[in-house]
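In what follows, a single structure is set out as structure tokens and then discussed.
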2 protein chains.
Amino acid sequence: MSQTVDRALSILPLLAEGPADLGQVAERLGVHKSTALRLLRTLHEHGLVYRQSDQRYRLGARLFALAQETMENLDIREIAHPHLVRLNEACGHTVHLAVYEEGEVLYIDKVESRYPVRMYSRIGKPVAVTVAAVAKLLLADLPEPERRALTDKLDYPLYTARSTPNAPAFLRELEQVREQGWATDLGGHEESINCVAAPIRGADGRVVAAMSVSAPNVVVTAEELLTLLPQVRRSADAISGEYSGRTPVTDPTRDLA
Amino acid sequence: MSQTVDRALSILPLLAEGPADLGQVAERLGVHKSTALRLLRTLHEHGLVYRQSDQRYRLGARLFALAQETMENLDIREIAHPHLVRLNEACGHTVHLAVYEEGEVLYIDKVESRYPVRMYSRIGKPVAVTVAAVAKLLLADLPEPERRALTDKLDYPLYTARSTPNAPAFLRELEQVREQGWATDLGGHEESINCVAAPIRGADGRVVAAMSVSAPNVVVTAEELLTLLPQVRRSADAISGEYSGRTPVTDPTRDLA
DNA sequence: CTCGCCGTTGCATTATCTGCAACGGCCATT
DNA sequence: AATGGCCGTTGCAGATAATGCAACGGCGAG
């Protein structure tokens, strides 16, 4: 909607690929070098872009700080965290919390496994949306048209032989997930890793987040992991209760200066 | 340098404080509502801002993804990570990696303690620069004018009785740190937590990062932690060697379209 | 020593952004 | 049920601010 801002923001994903110098930025934006320079300078003043010693630009530290603050301001996360910790203490495995936003699912909290073998994941990283248990729960609850539109334009990468292969299969799976109220990922993302997940609902019953327990085959079999399902669901329901009670659409903003 | 972009980017820290509606954003920017709307829309298109169900705006998921990619592109991090893991396996405590950028020090990697009592910290979070051991190392190596300018405009919050109280004391400490080539934080940030840290240097000898081992008093005393110093320094030196060898100012960019 | 590349600057042009005013939906109030 | 006010949204004309150009200077390579 605003050309100048649009151009400036287009620089960010470009730099996310790796450092670039002024000429490269200008070329990829399709603007004059002087224009690119002014945009980069503005981004720099705000700390979103950093100029390293070799004069090339890369993304800046402020991005981390912003991402950090965003996360800490998410009220679901705050409410859920102690429950995740408790569940982790009870079962010992890695516990994740995830939310949906604009076609993506991302982890917003994580409590690490106590076992030495850990699965790789990082808070803030977009989740493999076609296979992850938490993603299935979040997508299953979308209004039908949105769900349809999304599943249509998704890719279905075959991480393993058990990955969801295409849109129709995925839609069927989502249907089932929605009805049973829980989801699994049995080696669909990484051959040797299984997850069980349960939904967290707001006061209106809509799914606002999902949590999961993940563990590699070498620690527990898929069957053993499934026995944890009741525990996971109880945790999720407890969070749902607190969340519905405390924060329907409340606004704790206090700055009427 | 560019007014429009400047205004748009000013929205981000504003939203980092918490969700806000159009009117609030416009007011705090000092612009007309229609202007604020156009800026927010542009930010939204790029995923930096998200519009929640109650129509208010908050920071968006793309921020996480960008922060994530930035981090993973840092070559020091990549080189250092296995060393951090090895050090953690050897001593069991929390290991951090930090860099300096534009007046701030931030953690860019972390391997969690194996002990149940863990110190709080998060990757991406700016470090308490006047007390953290890694910060001392990074600031001690700055060129004198920059170091002076920075220490002058810093705050010196008294987290504990052993926090660095003011600029002169801090400068003396930095002097000592630079000469001895390592640093500590003995309860200067949190009463019961101690750290020992060592610098990682580039090919030209400049400090490019710093790593530390942290542990609470209840697990090991400060004296015991200090016995780990040689190990920490060996790790840091090993990383320095690899980093100098592999990446002086190399550019792995491959896109001359 | 010289050539060429890259980042940088001042300036005139013109495109772009801004504020205004008016509309419409929604919620709360009477 | 009707009404008033609030908030987000849109089209438009004026004015400001962004753009590309051309020229400079520093730096490294040949």
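This is a predicted model, so every value here is computed, not measured. Proteins come first, then strands; the chains are lettered A, B, ... in the order of their sequence lines, and each starts at number 1.
- Taking atom NE2 on His44(B) and atom P on dG8(D), their separation rounds to 15 Å, with Å as the unit.
- Under the 30°/60° scheme for interplanar angles, the aromatic rings of Tyr107(B) and His96(B) are found to lie parallel.
- Listed nucleotides dG7(C), dG8(D), dA18(D) differ in distance to Ser2(B); the shortest reach to its side chain belongs to dA18(D).
- Rounding to the nearest 0.5 Å gives a distance of 12.5 Å between OG1 of Thr42(B) and CZ of Arg7(A).
- Looking at Arg206(A) and Asp204(A), no side-chain N of the basic residue comes within less than 4.0 Å of a carboxylate O on the acidic one, giving no salt bridge.
- Spacing between atom CG of Leu29(A) and atom C1' of dG20(D) amounts to 15 Å, rounded to whole angstrom units.
- Between Arg41(A) and Glu45(A) no salt bridge is recorded (no basic side-chain N to carboxylate O distance below 4.0 Å).
- Look at Thr35(A) and you won't find any side-chain N or O under 4.0 angstrom from OP1 or OP2 of dA18(D).
- Atom CG in Asp6(B) sits roughly 13 Å away from atom C1' in dA17(D) (whole-Å rounding).
- Per the geometry, CE belonging to Met1(B) stands 11 Å off P belonging to dT8(C), to the nearest Å.
- If you take CG of Asp21(A) and C1' of dC5(C), they are 11 Å apart, rounded to a whole angstrom.
- Between Thr4(A) and dC17(C), a side-chain N or O to OP1/OP2 separation shorter than 4.0 Å is present.
- Scored by the salt bridge (charged side-chain N to carboxylate O under 4.0 Å, His left out) test, Arg178(B) finds Glu175(B) as partners (sequence neighbours excluded).
- Straight-line distance from the NZ atom of Lys33(A) to the P atom of dC5(C): 10 Å, rounded to whole Å.
- Look at CG on Leu40(B): it is 15 Å from C1' on dC17(C), rounded to the nearest Å.
- At a cut-off of 3.5 Å, with distance as the only test, no side-chain donor of Tyr50(B) or Arg58(B) sits close to an acceptor on the other residue.
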Please list, for nucleotides 10-14 of chain D, all pairs of protein and nucleotide N/O atoms separated by less than 3.5 Å.
from	atom 1	to	atom 2	distance (Å)
dT10(D)	OP2	Arg41(B)	NH1	3.4
dT10(D)	OP2	Arg41(B)	NH2	2.4

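- With respect to Arg77(B) and Asp109(B), a salt bridge is recorded, a charged nitrogen being found less than 4.0 Å from a carboxylate O.
- Looking at which nucleotide of DNA chain C each of Gln55(A) and Gln3(A) is closest to, the 5′-most match is held by Gln55(A).
- Closest to the side chain of Arg7(A), out of dG7(C), dC17(C), dT19(D), is dT19(D).
- Atom CG of Leu39(B) and atom C1' of dT18(C) are 10 Å apart (whole Å).
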